[in-house]
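Naming convention: chains lettered A, B, ... in sequence-line order (proteins, then strands); numbering from 1 in each chain.
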Amino acid sequence: MSEVKITLPDGSARTYPAGVSGMDIAKSISEGLARNALSIEVDGEIRDLSRPIEQDASIRIFTWNDKGGKYAFWHSSAHLMAEALEALYPGVKFGIGPPIENGFYYDVDLGDLAFGEDDLAKVEAKMIELARQNNSFRRREVSKSEAIEYFTKKGDPYKIELLKDLTDGSITFYEQGNFTDLCRGPHIPTTGYVKAVKLLNVAGAYWRGNEKNKMLTRIYGITFPKQKELDEYLLMLEEAKKRDHRKLGRELELFAFSEKVGMGLPLWLPKGTVLRERLEQFMRKAQVKAGYDPVVTPHIGSKSLYVTSGHYEKYGKDSFQPIHTPDVTEEFLLKPMNCPHHCEIYKVKPRSYKDLPIRLAEFGTVYRYEQSGELHGLTRVRGFTQDDAHIFCRPDQVKEEFIKVIDLVLHVFTALGFENYTAQVSLRDPANKEKYIGEDALWDRAEREIQEAADERGLKTVAVKGEAAFYGPKLDFMVKDALGRSWQLGTIQVDYQLPQRFELEYVGSDNQKHQPVMIHRAPFGSLERFVAVLIEHCAGNFPVWLSPEQVAVLPISERFNDYAASVINELRSRDIRGILDDRDEKIGRKIRDAEVKKIPYMLIVGEKEAQEQKVAVRKHGAGDQGSVSLPDFIATFNKEFAMPV
RNA sequence: GCCGGGGUAGCUCAGGGGUAGAGCAGCUGAUUCGUAAUCAGCAGGUCGUGAGUUCAAAUCUCAUCCCCGGCUCCA
């Protein structure tokens with residue numbers, strides 16, 4: 001009998017009879033590994049543990065602790081849910097059912113059946129019942145004709161559509177219990193591995209993600225090998241909800257929405273405005289240092305401005321419609337972008353190559369008509385303020401300028417403690433070139449320059465096709481919110497198109513006219529979205545320098561209100577934002593209220609403090625810190641109160 | 001925009017054909033207090049909005065607006 005050499009992740013090799021299964025190997029290594037093994041990677045391909053290995057190979061056995069193990073687990077769970085659905089709702093048609101980052105979903109066509117949240121519990125129960133049957137997932141290779149015949153008989157049109165894109169020889173079925181699905185795999189050994197099931201929600205999803213197609217019902221779920229892990233996950237979700245910026249925004253009185261003002265149009269309350277203005281000041285400082293010139297432009301612009309820029313053609317019909325004047329020939333648009341205005345600033349006078357780069361910065365408030373279903377707290381709104389700037393530079397300066405902007409973005413992220421961001425190079429979709437304007441050569445050049453600049457700063461980037469702006473590729477900085485949803489914050493974009501459309505030029509050293517290149521950039525992205533993500537990032541416990549209220553002075557009783565007032569006045573004279581709680585309440589109550597408001601420092605003053613001219617310092621979330629004189633308190637924490645440089 | 005789920009007091013929520021409820025917040029009074037909720041009283045809602053069914057609608061029907069979870073979109 002022939003043998004195969006199996007190389008393990010630690011580099012050691014073992015010999016097994018040819019046709020050995022992943023599970024056999026796991027058993028030969030340890031009982032525990034065999035018990036926890038979910039899938040196996042064989043020469044880079046993730047497979048079922050049951051598949052025989054016929055040739056020498058490097059392997060890695062995946063457990064719940066590996067992404068490859070979890071994915072197999074959740075993929076199998078999707079099949080289990082499908083089996084349950086088919087048992088409960090005969091005739092249900094299946095789309096796709098993949099594992100996702102946290103769990104899995106299956107897109108199904110339930111015909112006329114209205115499937116609501118109430119049905120989820122029923123399906124959950126059925127899934128548990130089927131899991132207990134501990135059926136094996138069996139893999140079977142089928143021919144294309146056989147597969148089509150099967151799904152034709154079963155009446156599953158979506159599967160047949162999927163099969164059309166597959167070629168003979170690569171088609172496999174997986175069966176467990178009474179359920180058979182077209183599937184590439186891999187799967188866990190049996191359904192019995194699934195011990196805990198939670199179906200989270202139902203949502204509509206267009207077949208194949210195309211809004212022209214039929215909308216299927218998408219059921220999201222998550223499963224675990226242990227009930228305890230599910231309980232922990234659900235608890236984690238509860239905790240995440242407490243960080244939701246919409247909830248904290250209301251509780252901390254940062255912002256609000258009003259139906260009367262209009263959906264997606266945030267109202268910044270006094271405390272939110274402090275926070276926002278501190279961020280603006282921080283950025284202004286950094287930009288002055290980096291050689292930017294602040295400018296201000298109006299909130300509306302003549303329609304022709306956007307016809308020139310191309311925005312009107314691209315977005316005009318889906319946007320806020322033009323504003324009319326008594327003179328019917330005039331039309332203005334609420335500005336959806338600041339760049340056209342800035343182009344016109346560039347054009348106010350002839351520019352020399354010696355003037356470049358010119359960096360025009362503006363906290364520009366823009367308005368975009370987002371679809372109603374898209375609005376989401378502060379992260380997706382219809383009116384927002386970008387920390388926008390446009391850099392007009394010579395072609396030979398693009399990379400250097402781009403790198404400087406990356407540094408600025410990283411400076412912001414570092415100052416605010418964002419460590420878990422992804423840098424995404426957003427490229428054209430080569431299959432849909434009509435979505436973009438401009439020549440191929442310029443696009444290629446811009447895409448190359450972005451990648452080079454990112455590499456030069458050592459950024460780990462992910463390139464995503466089809467995410468570019470219509471006028472150019474971007475480098476986007478993505479951050480996740482409390483519930484794991486990804487949002488774009490900072491963005492840097494190279495643009496050769498607008499300079500062309502606006503006929504921007506400069507006189508070169510050769511005394512000839514040349515076209516500058518534009519770099520659009522916004523390190524925050526928008527103040528609104530940035531604040532939203534910041535709130536969730538720090539759960540409302542802002543860095544002290546950003547905190548709307550930095551210190552609460554809490555007199556023990558009315559008798560010490562005068563001393564407390566002198567303390568708060570001294571703080572305010574040092575530009576420290578404080579409140580005085582001189583209500584007729586007990587100190588425990590005042591402390592509790594200040595804690596709930598997440599005020600970083602509480603200064604408690606009573607008999608002793610008034611006599612000794614001290615303050616009793618209490619830190620939010622950390623408790624009593626002892627008494628010091630007020631000047632000592634200010635000196636000790638001054639760094640925290642001041643804006644970082 | 002599409003699919004599903006929701007809108008009851010400022011907030012969190014109960015009530016599901018028969019005169020609108022609680023806790024917290026608010027106001028008034030008492031209390032003058034040492035590190036996360038003092039006590040008492042009062043006030044507060046055309047039950048998102050508009051139609052319809054009914055003797056009677058917060059409750060049932062329809063429409064509409066807004067919110068929530070996704071999908072599509074995102075200059």
Looking only at heavy atoms, which two atoms of A:Tyr346 and A:Pro516 are closest? And how far apart? OH-CG, 3.6 Å

Got a second to check how far A:Phe255's CZ is from A:Leu378's CG, nearest 0.5 Å? 4.0 Å

Scan side-chain atoms only and decide if A:Tyr436 and A:Gln497 contain a donor-acceptor pair under the 3.5 Å cut-off. no

Base, sugar-phosphate, or nothing for A:Glu253, non-hydrogen atoms under 4.0 angstrom? nothing

Watson-Crick/G-U partner (both atom distances under 3.5 Å) of B:C39: B:G29

Using a cut-off of less than 4.0 Å, is there contact between a side-chain N or O of A:Arg208 and OP1 or OP2 of B:C71? no

Quick one: which protein N/O atoms are closer than 3.5 Å to N/O atoms of nucleotides 67-70 of chain B? Pair and distance per line, please.
unit_1: B:C68; atom_1: OP1; unit_2: A:Arg246; atom_2: NH1; d: 3.2
unit_1: B:C68; atom_1: O3'; unit_2: A:Arg246; atom_2: NH1; d: 3.4
unit_1: B:G69; atom_1: OP1; unit_2: A:Arg246; atom_2: NH1; d: 3.1
unit_1: B:G69; atom_1: OP1; unit_2: A:Arg246; atom_2: NH2; d: 2.7
unit_1: B:G69; atom_1: OP1; unit_2: A:Arg485; atom_2: NH1; d: 3.3
unit_1: B:G69; atom_1: OP2; unit_2: A:Arg246; atom_2: NH1; d: 3.1
unit_1: B:G69; atom_1: OP2; unit_2: A:His376; atom_2: ND1; d: 3.4
unit_1: B:G69; atom_1: O2'; unit_2: A:Asn201; atom_2: ND2; d: 2.9
unit_1: B:G69; atom_1: N2; unit_2: A:Val202; atom_2: O; d: 3.4
unit_1: B:G70; atom_1: OP1; unit_2: A:Arg485; atom_2: NH1; d: 3.2
unit_1: B:G70; atom_1: OP2; unit_2: A:Arg485; atom_2: NH1; d: 3.3
unit_1: B:G70; atom_1: O3'; unit_2: A:Tyr220; atom_2: OH; d: 3.1
unit_1: B:G70; atom_1: O2'; unit_2: A:Tyr220; atom_2: OH; d: 3.3
unit_1: B:G70; atom_1: N2; unit_2: A:Gly204; atom_2: O; d: 3.3

Should the pair A:Lys242-A:Glu239 be classified as a salt bridge under the 4.0 Å nitrogen-to-oxygen rule? yes

Just to be sure I understand the rule, does A:Ala594 reach a base, reach only the sugar-phosphate, or reach nothing, if contact means heavy atoms closer than 4.0 Å? nothing

Side chain of A:Arg380 (C-beta onward), nearest among B:G34, B:U35, B:C73: B:C73

Can a salt bridge be assigned to the pair A:Arg485 and A:Glu536 using a cut-off of 4.0 Å between side-chain N and carboxylate O? no

Say we look at B:U12 and B:G70: how far apart would their C1' atoms be, to the nearest angstrom? 25 Å

Check the interface with nucleotides 10-13 of chain B: list each N/O to N/O pair with the protein under 3.5 Å, or write none.
unit_1: B:U12; atom_1: OP1; unit_2: A:Arg250; atom_2: NH2; d: 2.9

Parallel, tilted or perpendicular: which one describes the rings of A:His299 and A:Tyr367, with boundaries at 30° and 60°? tilted

What interatomic distance, in whole Å, is found between P of B:G6 and the corresponding atom of B:G45? 27 Å

Strictly under 4.0 angstrom, non-hydrogen atoms only: write out the protein contact profile of nucleotides 37-44 of chain B, one letter per nucleotide from the 5' end, B, S or -. BB------

Describe, in one word, how the ring planes of A:Phe524 and A:Phe530 are oriented to each other, choosing from parallel (under 30°), tilted (30 to 60°) and perpendicular (over 60°). tilted

Pairing nucleotide - B:C11, Watson-Crick or G-U, each distance under 3.5 Å: B:G23

Distance only, no hydrogens: is a donor on one side chain within 3.5 Å (strictly under) of an acceptor on the other, for A:Lys214 and A:Tyr206? no

Which part of the nucleic acid, if any, lies within contact of A:Lys608, taking any heavy atom under 4.0 Å across all strands shown: a base, the sugar-phosphate backbone alone, or nothing? base

Could you state the interatomic distance from CD (A:Glu549) to NZ (A:Lys597), rounded to the nearest 0.5 Å? 5.0 Å

So what's B:U53 paired with, Watson-Crick or G-U wobble, going by both distances under 3.5 Å? none

The criterion is side chain to side chain contact (heavy atoms under 4.5 Å, CB included); which residues satisfy it with A:Met263, sequence neighbours excluded? A:Ser372, A:Leu375, A:Arg382

Between residues 297-318 of chain A and RNA chain B, which residues have a heavy-atom gap below 4.0 Å? A:His311, A:Tyr315

Those residues that, when tested against A:Ala431, pass side chain to side chain contact (heavy atoms under 4.5 Å, CB included) (two or more places apart): A:Asp429

Validate the cation-pi geometry between A:Lys303 and A:Tyr312: distance from NZ or CZ to the six-membered ring centre under 6.0 Å, angle to the ring axis within 45°. yes

Look at the rings of A:Tyr601 and A:Phe637 and say which category their plane angle falls in: under 30° parallel, 30 to 60° tilted, over 60° perpendicular. tilted

Do A:Ser426 and A:Gln424 have a side chain donor and acceptor closer than 3.5 Å? yes

